[in-house]
Amino acid sequence: MKVRKAVIPAAGLGTRMLPATKTVPKEMLPLVDKPVIQYIIEEAVAAGIEDILIVTNRAKSAMDDYFDYYPELETRLNQAGKEKELFEVRRAADLANIFYVRQKETKGLGHAIWRAKRFVGDEPFAVLLGDDIMKAQVPVTRQLIDAAETYSASAVGVQYVATEAISKYSSVKVTPLEGRVFRVSDMNEKPTPEQMLSNYAILGRYVLTPQIFDILENLTPGYGGEIQLTDGLQKLCHTAPMVAVDFEGRRYDTGNLRGFLEATIDFALDHPQTGDWLAQFIRSKAKSL
Ligand code: UTP
């Protein structure tokens with residue numbers, strides 16, 4: 001089982017980040033000096049992915065433009081001797097083979113993934129949500145691919161979340177296999193504490209087999225009237241092997257303001273150009289609070 005392709009659903013409306021996301025896709029908001037989507041593409045590439053499909057919509061063409069060449073700008077940077085900027089602008093466009101498909105109606109994450117059917121064909125593939133950023137030593141997508149390959153199974157990335165918070169996520173029913181890997185036998189979307197199957201919640205990364213497409217095609221709308229990926233995964237785990245990986249790393253949901261700010265601060269503290277300055281700024285600010 002070799003995973004060469006990834007799908008990044010990025011066609012959501014981003015209503016939790018309005019008004020900023022009215023005209024700027026949330027995936028294009030800058031996290032320090034790069035847009036959110038670039039971190040996600042970089043994770044996929046670091047995990048060994050070669051071809052990436054971004055699921056977009058009519059309001060998100062800034063993403064296609066970002067990963068394209070921009071000859072006029074590059075000539076100007078070249079003439080001005082701005083080598084570092086030129087390198088970074090080019091690097092973004094050369095990161096991977098990037099493809100695009102539009103989700104013509106915002107019918108939910110499951111529907112967005114289903115739009116990748118032709119791109120994926122008959123291979124296993126990774127899914128990285130377009131607004132979930134991971135900070136990890138080993139790319140989280142790589143951790144999932146390793147488990148999927150070892151167990152010839154689909155894989156979902158999970159972490160332990162507090163009972164009070166589980167209703168924001170999908171919970172999974174698991175039995176231990178080995179180390180940080182579990183067998184998945186069931187799952188549910190946005191459960192109440194009474195309905196939750198465990199404290200392990202699915203967080204933005206998946207490795208799926210193409211069987212998921214037939215399931216998604218026949219799903220009826222679930223939670224929130226949308227075609228839910230979790231409903232499809234629930235059916236998949238009943239008919240084919242699936243593992244959950246309690247991945248090592250920190251996940252940031254940049255699709256909400258608090259997650260976006262946490263990511264901004266953490267990444268800026270790690271950045272060579274801003275780290276020392278920001279640490280000093282925070283210290284002096286904290287004194288006056
Ligand atoms: P989210 O629920 O986090 O994104 O979907 P959203 O719909 O943009 O969020 P809000 O609630 O309006 O702020 C999880 C992922 O699924 C994608 C989103 O882009 C995000 O990466 N998605 C969601 C789609 O691609 N299409 C959809 O119809 C819904």
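Order of listing sets the numbers, starting from 1, for every ligand and every atom in it. Everything quoted here is computed from the prediction, not taken from an experiment. For the single chain, residues carry numbers from 1 onward in sequence order.
- Of the charged side-chain nitrogens involved, at least one lies within less than 4.0 Å of a carboxylate oxygen, so that Glu42 and Arg91 count as a salt-bridged pair.
- Electrostatic pairing of Glu27 and Lys60 counts as a salt bridge here, judged by a charged N lying under 4.0 Å from a carboxylate O.
- With Tyr169 as the aromatic partner, Lys190 does not meet the cation-pi criteria of under 6.0 angstrom to the ring centre and within 45 degrees of the ring axis.
- At a 4.0 Å cut-off, at least one heavy atom of Leu109 sits close enough to ligand 1 to count as contact.
- An N or O contact shorter than 3.5 Å links Gly14 to ligand 1 by distance.
- Using a 4.0 Å cutoff on heavy atoms, Lys107 counts as a contact of ligand 1.
- Of the N or O atoms in Ala11, one or more lie within a sub-3.5 Å distance of an N or O in ligand 1.
- With respect to the salt-bridge test (charged N to carboxylate O, under 4.0 angstrom), the residues Arg258 and Asp253 do not qualify.
- Closest to atom 2 (O) of ligand 1, if we only count protein heavy atoms, is Arg16 NH2, 4.1 Å.
- Residue Glu27 places a heavy atom less than 4.0 Å from ligand 1.
- Contact check on Arg142 versus Glu43 returns no salt bridge, with no Lys/Arg side-chain nitrogen under 4.0 Å from an Asp/Glu carboxylate oxygen.
- Looking at atom 18 (C) of ligand 1, its nearest protein heavy atom turns out to be Gly12 N, 3.6 Å.
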